[in-house]
Amino acid sequence: MKPSIPQGTRDFSPEQVNKRNYIFSTLRKVFVKYGYQPIETPTMEKLSTLTGKYGEEGDRLLFKVLNSGDFLKKATALDNAKKLTTQICDKGLRYDLTVPFARYVVMHKNDITFPFKRYQIQPVWRGDRPQRGRYREFYQCDVDVVGTNSLLNEVELTQIYDEGFARLGVNVTIKISNRKILAGIAEVAGISDQFMAMTIAIDKLDKIGIEGVRKEMLGHAISEESVAKVEAILQAKNLDNLKPLLADSEVGTKGCEELSTVFNYLDKVELTNKVIFDITLARGLTYYTGTIFEVSANDAKMGSIGGGGRYDDLTGIFGMKDVPGVGVSFGADRIYDVMEELKLFPDTSADSIQVILLAFDQESHDYAFGALQKLRKAAINAELYPEPVKFKKQMKYANARKAPFIIIVGEQERTSGLLTFKDMQSGEQQKLDIESIITSIKS
RNA sequence: GUGGGUAUAGCUCAGUUGGUUAGAGCGCUAGAUUGUGGUUCUAGAGGUCGCCGGUUCAAUUCCGGUUACUCACCCCA
């Protein structure tokens, strides 16, 4: 049997894990710096927690987990796959980190001091067809704060995006908009009931052009007149132009005000990356109600590598009213792909092996074992080739491991106490006692 | 969920207008060099040509189906 892994999943080599950990630890430092605390939630959630939170498409992409035991006992809808699913599955794999977080907040409300700032770095699963930059299992790095309406949080999250990507060396554009503006556009155009269809169409503007957007909206039975209104509003290049167009909409005006506030704050902070208002920004997830964020890499062809937004009442569905929240997510796997493409990873060899000991015979091997203890005691990453096998094989191993140094122990060395210390890059070698070697490696 | 592409050695791929023994590079093993890797040279191991069926004297090659992978759409990190 030829072994394989499920579609859209991947194995990671030592080098890849080191690089991934570099992303995680870099972001973690930023999150902690801004006062966020870590939590983790289970891989599986109750299906009742997950369904209905991500829109129709989201429900379709949820991985469901078959009940244990005789799951057919409760099954009656044998001719209806959708209904049957609800009868034989009551768990599902986590689809994002925001909904589980909302559930967490409600369950632990008595232990939490609000506002509660948390970060969470864990994998999520989506049953999408895999393609470039899209996986069925991928990591998100989320930062959210709940229990505060202050738009200062939006500013802080923008800074976290900015600093996070700056530290990783990825040039990005941080796009910001507000769902209330989209709601305002729908209201002014008289299509509030078609809000989602309009939003999804607008989201594609830069991809399919204004004509494509028009076609898509007309396809959703939106009237020619409404489409024309939407089009006219989309011409507004900036907030100042937009405000008068949405003057008749209370919610739209509110959206403009919120956005202005955020940008006014942002004017006062130092940023590395470009932060822009993008009216075409929409975000598919249904639970966003205010500010929305999206991040794209400037120098690589990749979809969004981060996204987020404000949700006024995500905890409401779990029975806890009036706990607004806002958060953003870093898409670690896409960031990895971008960094790989642009060769932005620093050399991670400092975290790996520093010296490997090789021995010619059993007695020398025993002697080398003693030296190995001294090296490790001095906090040097060291290993001894486990058997004194053919020397060429050991050398090849040391070379393949990319060890910067090796120590060779044979009869001469163990009798003199002076070990052969070789720099693998230059090929130079000298005879030194173990203390001198330790000093030499550490310098 | 919809549409396209691909499937040959461990990896990346060539090739066979249907015909005897299916190739290269890299990797692997051994030797040149019994105390020295990364360079070089020599030799060797490794393939039911994805799977099932059809056409044919003959199929890895042509046709149909199937599975897997992959790219794009939808949607999204």
Side-chain angles (χ1 to χ4, degrees), chain A residues 1-10 23 27 54-62 81-82 94-98 121-142 161 172 196 199-201 203-204 207-208 212 216 219 282-286 293-297 301-309 327-338 356 358-361 364 385 388-414 419-429 431:
Chain A
M1 184 195 108
K2 210 174 183 178
S4 62
I5 53 175
Q7 189 181 40
T9 64
R10 296 158 299 158
I23 295 177
L27 294 179
Y54 310 107
E56 203 178 317
E57 183 75 2
D59 285 352
R60 191 171 69 76
L61 300 177
L62 271 176
K82 210 171 178 182
R94 166 192 330 119
Y95 181 91
D96 72 356
L97 301 179
T98 309
I121 299 175
Q122 288 192 278
V124 303
W125 291 266
R126 295 182 190 176
D128 234 342
R129 286 280 274 271
Q131 57 182 277
R132 179 184 169 75
R134 177 190 292 172
Y135 308 99
R136 286 186 152 183
E137 177 182 56
F138 61 97
Y139 268 74
Q140 292 195 325
C141 312
D142 273 35
Y161 260 152
V172 297
M196 273 313 287
T199 299
I200 290 167
D203 193 33
K204 296 178 196 161
K207 211 168 176 181
I208 59 178
E216 172 133 354
R283 310 287 308 151
L285 294 177
T286 49
F293 299 93
E294 197 163 285
V295 181
S296 52
K301 268 189 190 163
M302 178 61 79
S304 57
I305 55 176
V328 296
S329 179
F330 289 75
D333 296 77
R334 284 188 175 175
I335 293 170
Y336 181 100
D337 289 345
V338 168
I356 297 179
L358 315 179
F360 280 111
D361 52 73
S364 305
Y385 194 90
V389 295
K390 202 182 311 183
F391 197 67
K392 184 166 178 172
K393 190 174 168 74
Q394 300 190 52
M395 282 301 290
K396 276 197 145 185
Y397 173 81
N399 193 56
R401 285 293 310 275
K402 297 193 172 96
F405 300 105
I406 58 169
I407 295 171
I408 299 168
V409 186
E411 196 184 344
Q412 298 166 23
E413 286 83 355
R414 72 169 188 270
L419 310 181
T420 299
F421 180 59
K422 175 163 182 165
D423 181 321
M424 287 297 273
Q425 190 134 27
S426 67
E428 284 167 26
Q429 57 187 56
K431 302 233 171 179

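Computed from a predicted structure; not experimentally measured.
Among the protein residues, A:Q140 comes within range of the sugar-phosphate backbone only, with heavy atoms under 4.0 Å from sugar or phosphate atoms but none that close to a base. Residue contacts shown for A:Y135 include a base, since a base heavy atom lies under 4.0 Å away. When heavy atoms are screened at a 4.0 angstrom cut-off, A:G55 is found touching no nucleic acid atom at all. At the heavy-atom level, A:D333 lies nowhere under 4.0 Å from the strands shown. Among the atoms of the strands shown, none is found under 4.0 Å from any heavy atom of A:G58. Counting non-hydrogen atoms under 4.0 angstrom, A:S304 reaches the backbone sugars and phosphates but no base. Contact annotation for A:K390: backbone-only contact, meaning every heavy-atom pair under 4.0 Å involves sugar-phosphate atoms and none involves a base. At the heavy-atom level, A:E56 lies nowhere under 4.0 Å from the strands shown.
Candidate nucleotides B:rU29, B:rC75, B:rA77 were compared by shortest atom distance to the side chain of A:R126, and B:rA77 ranks first. The nucleotide whose nearest atom lies closest to any side-chain atom of A:R134 is, among B:rC76, B:rG38, B:rG35, B:rC76. Each of B:rA77, B:rG38, B:rC69 was ranked by its minimum atom distance to the side chain of A:Q7; first place goes to B:rC69. In this structure, of B:rU29, B:rC75, B:rC73, it is B:rC73 that holds the atom nearest to the side chain of A:R129.
For A:E411, the CD atom is loosely surrounded, since the number of other residues' heavy atoms within 6.0 Å does not exceed 12.
OP1 or OP2 of B:rC75 has at least one side-chain nitrogen or oxygen of A:K204 nearer than 4.0 Å. Residue A:Q131 has no polar side-chain atom (N or O) positioned under 4.0 Å from OP1 or OP2 of B:rC71. Considering only side-chain N and O atoms, A:K207 lies under 4.0 angstrom from the phosphate OP1 or OP2 of B:rC73.
Donor-acceptor pairing under 3.5 Å is recorded for the side chains of A:E413 and A:T420.
Aromatic rings from A:F330 and A:Y161 are positioned such that their centres are separated by under 6.0 Å.
In this entry the distance linking NZ of A:K301 with C1' of B:rA77 reads 20 Å, nearest Å.
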Pairing annotation in dot-bracket form, given for RNA chain B with Watson-Crick or G-U pairs under 3.5 Å and | for cross-strand partners: (((((((..((((.....[...)))).(((((.......))))).....(((((..]....))))))))))))....
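Mapping A:E294 and A:S426 onto RNA chain B via the closest heavy atom, the residue that lands nearer the 5' end is A:S426.
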